[in-house]
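These notes are about the structure you will find just below.
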Amino acid sequence: MWVAAADPLPDPARGLAIKPLFAKGPSLGVRLLVLAVLSVALMVVDARFDTLKPLRSHLGQVLTPFYWLAEQPVRLWRGVSQQFSSRDELIAENEKLKAEALLLQRRLQKLATLTEQNVRLRELLNSAALVDDKVLVSELIGVDPNPFTHRILIDKGEKDGVFLGQPVLDALGLMGQVVEVMPYTARVLLLTDSTHSIPVQVNRNGLRAIAIGTGNPESLELRHVADTADIKEGDLLVSSGLGQRFPAGYPVATVREVIHDPAQPFAVVRVQPTARLNRSRHLLLVFSDPRSPEQRAAEAALAQEAADRQAAGAPAPESVPPAPVPDAAESPAPAAAPAGPSTQGVR
């Protein structure tokens, strides 16, 4: 019994029979170089031109479901932790909330009284009626990972009426403004970003200044404040409304430190934002009244005149206008005399 051995192929034929499974492409170094050049080119185009803004808007719309999915574990964990909270903790929290609600109701009663007094004073001054700004509640869904840029992503966008430059605040004060609007989301630039500034005034005496972001989420700085300016620690800074971007009267920061250097013409003033920039989750988008002060005053005067006529009754509008006509015709000089001094007083 014998077995015939297979005749082995010669070396040249064996070399021709073995073929590589994968074709050899460019080396890793070449690929890395190409990708690096492409990334730098995209960054330069994005920083210098507006060509990629539509693409970024569409990408933001595509990534919205991923933000929602990334948020689900946090919400699930929050729901589970709430379900397993102990009964004693819930009772204690309930008592604490009742006490806080009682205190807030007391403050609300005082605020309602002050608001009514303010409305009556404005009506006496023939000024615009006090109307609260319209707000929209939104939620934070993302934070910019760049440590040198203080930006956040919220879940309201162009479909909800959000617009560029819209002020954003939390329960304690102003947080920033909208700098990019997408269909269902928007990006907000915080006050502490190094490229952001806001005109403010000291609530105690009305001293005006400019608050500049420092890149620190817990600090702002007032620039070019005279060394002799009346500002001290603990002063509350509110928005002055001079920049025509933020509405006036909203809390911005509290003075934390004032450094006077005799060798320098300006004092170093460091302030702390009142808003919880790195902790707040629910935010408010403010829709301010687009009318100018003159328009609001004119409309308030017309509304007051209509209310007076309505209170006087139907015959009043017909009997009031003819009365001044004979007086003006009989004595034109006395009517014109007071006009000169009043006009000079305005000047």
Side-chain angles (χ1 to χ4, degrees), residues 67-120 130-143 150 152-156 160 162 166-176 185-186 188 190-192 200 202-204 216-220 232-239 246-257 270-287:
Y67 287 119
W68 182 82
L69 289 175
E71 185 70 13
Q72 292 309 306
V74 177
R75 295 184 178 180
L76 180 61
W77 173 255
R78 189 186 307 164
V80 172
S81 61
Q82 290 177 356
Q83 290 293 333
F84 287 95
S85 297
S86 64
R87 181 173 178 273
D88 295 335
E89 291 177 353
L90 293 176
I91 292 176
E93 185 178 2
N94 193 13
E95 294 296 332
K96 180 181 178 181
L97 291 176
K98 285 182 179 179
E100 291 180 356
L102 186 61
L103 294 175
L104 291 176
Q105 287 177 357
R106 180 186 65 84
R107 294 181 182 178
L108 184 61
Q109 292 174 1
K110 295 180 64 177
L111 180 61
T113 303
L114 294 176
T115 303
E116 292 298 330
Q117 292 178 358
N118 197 5
V119 170
R120 287 194 293 268
L130 180 62
V131 179
D132 292 336
D133 294 329
K134 178 185 174 184
V135 295
L136 175 66
V137 180
S138 64
E139 186 174 358
L140 184 146
I141 59 174
V143 179
H150 293 185
I152 58 175
L153 189 69
I154 58 177
D155 63 348
K156 293 293 186 292
D160 304 291
V162 180
Q166 186 171 13
V168 180
L169 63 151
D170 66 356
L172 299 178
L174 280 171
M175 291 191 64
T185 57
V188 178
L190 300 180
L191 297 178
T192 52
V200 297
V202 179
N203 194 43
R204 176 172 55 87
N216 183 354
E218 298 291 339
S219 178
L220 295 171
K232 58 184 179 181
E233 296 182 11
D235 280 343
L236 176 65
L237 303 179
V238 298
S239 56
F246 294 95
Y250 284 104
V252 176
T254 304
V255 178
R256 183 179 59 188
E257 184 181 12
R270 297 187 177 94
V271 300
Q272 183 176 4
T274 57
R276 295 176 294 185
L277 300 179
N278 54 357
R279 293 186 295 277
S280 292
R281 192 172 192 86
H282 293 87
L283 314 175
L284 294 176
L285 295 164
V286 181
F287 294 86

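Everything numeric in this text was worked out from a predicted model, so none of it was measured. Computation of the quantities below employed the complete heavy-atom set of this structure, encompassing side-chain atoms and omitting hydrogens, waters and symmetry-equivalent molecules.
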Run through E257, Q272, R256, R270 and flag the one making a side chain to side chain donor-acceptor pair (under 3.5 Å) with S219. R256
Is a side-chain N or O of D155 found less than 3.5 angstrom from the main chain of E139, in a donor-acceptor match? yes
Check whether any side-chain heavy atom of M175 sits under 4.5 Å from a side-chain heavy atom of V188, and report yes or no. no
Measure the spacing between CG of D170 and CG of L140 and express it to the nearest 0.5 Å. 11.0 Å
Would you say I154 and T185 make side-chain contact, with heavy atoms under 4.5 Å? no
L190 side, atom CG; L174 side, atom CG - distance, nearest 0.5 Å: 11.5 Å
Identify the two heavy atoms, one from A275 and one from L172, that lie closest to each other, and give their separation to 0.1 Å. CA-CB, 4.2 Å
For I91, does its backbone N or O pair with a side-chain atom of E95 as donor and acceptor, under 3.5 Å? no
A side-chain contact here means heavy atoms from C-beta on lying under 4.5 Å apart; do V135 and L285 qualify? no
Is the shortest side-chain heavy-atom distance between Y250 and V286 below 4.5 Å? yes
Rounded at 0.5 Å granularity, tell me how far CG in L277 sits from NE2 in H150. 9.0 Å
Between atom OG1 of T192 and atom CG of N216, what is the distance when rounded to the nearest 0.5 Å? 7.5 Å
Would you compute the distance between atom CG of L237 and atom CZ of R204 and round it to the nearest 0.5 angstrom? 10.5 Å
Residues forming a side chain to side chain donor-acceptor pair (under 3.5 Å) with R276, sequence neighbours excluded: none
Heavy-atom side-chain proximity of L220 to P273 below 4.5 angstrom: yes
Pairing of R279 and E218 as salt bridge, 4.0 angstrom limit: yes
Minimal non-hydrogen separation, G176 against F246, with atom names: O-CE2, 3.4 Å
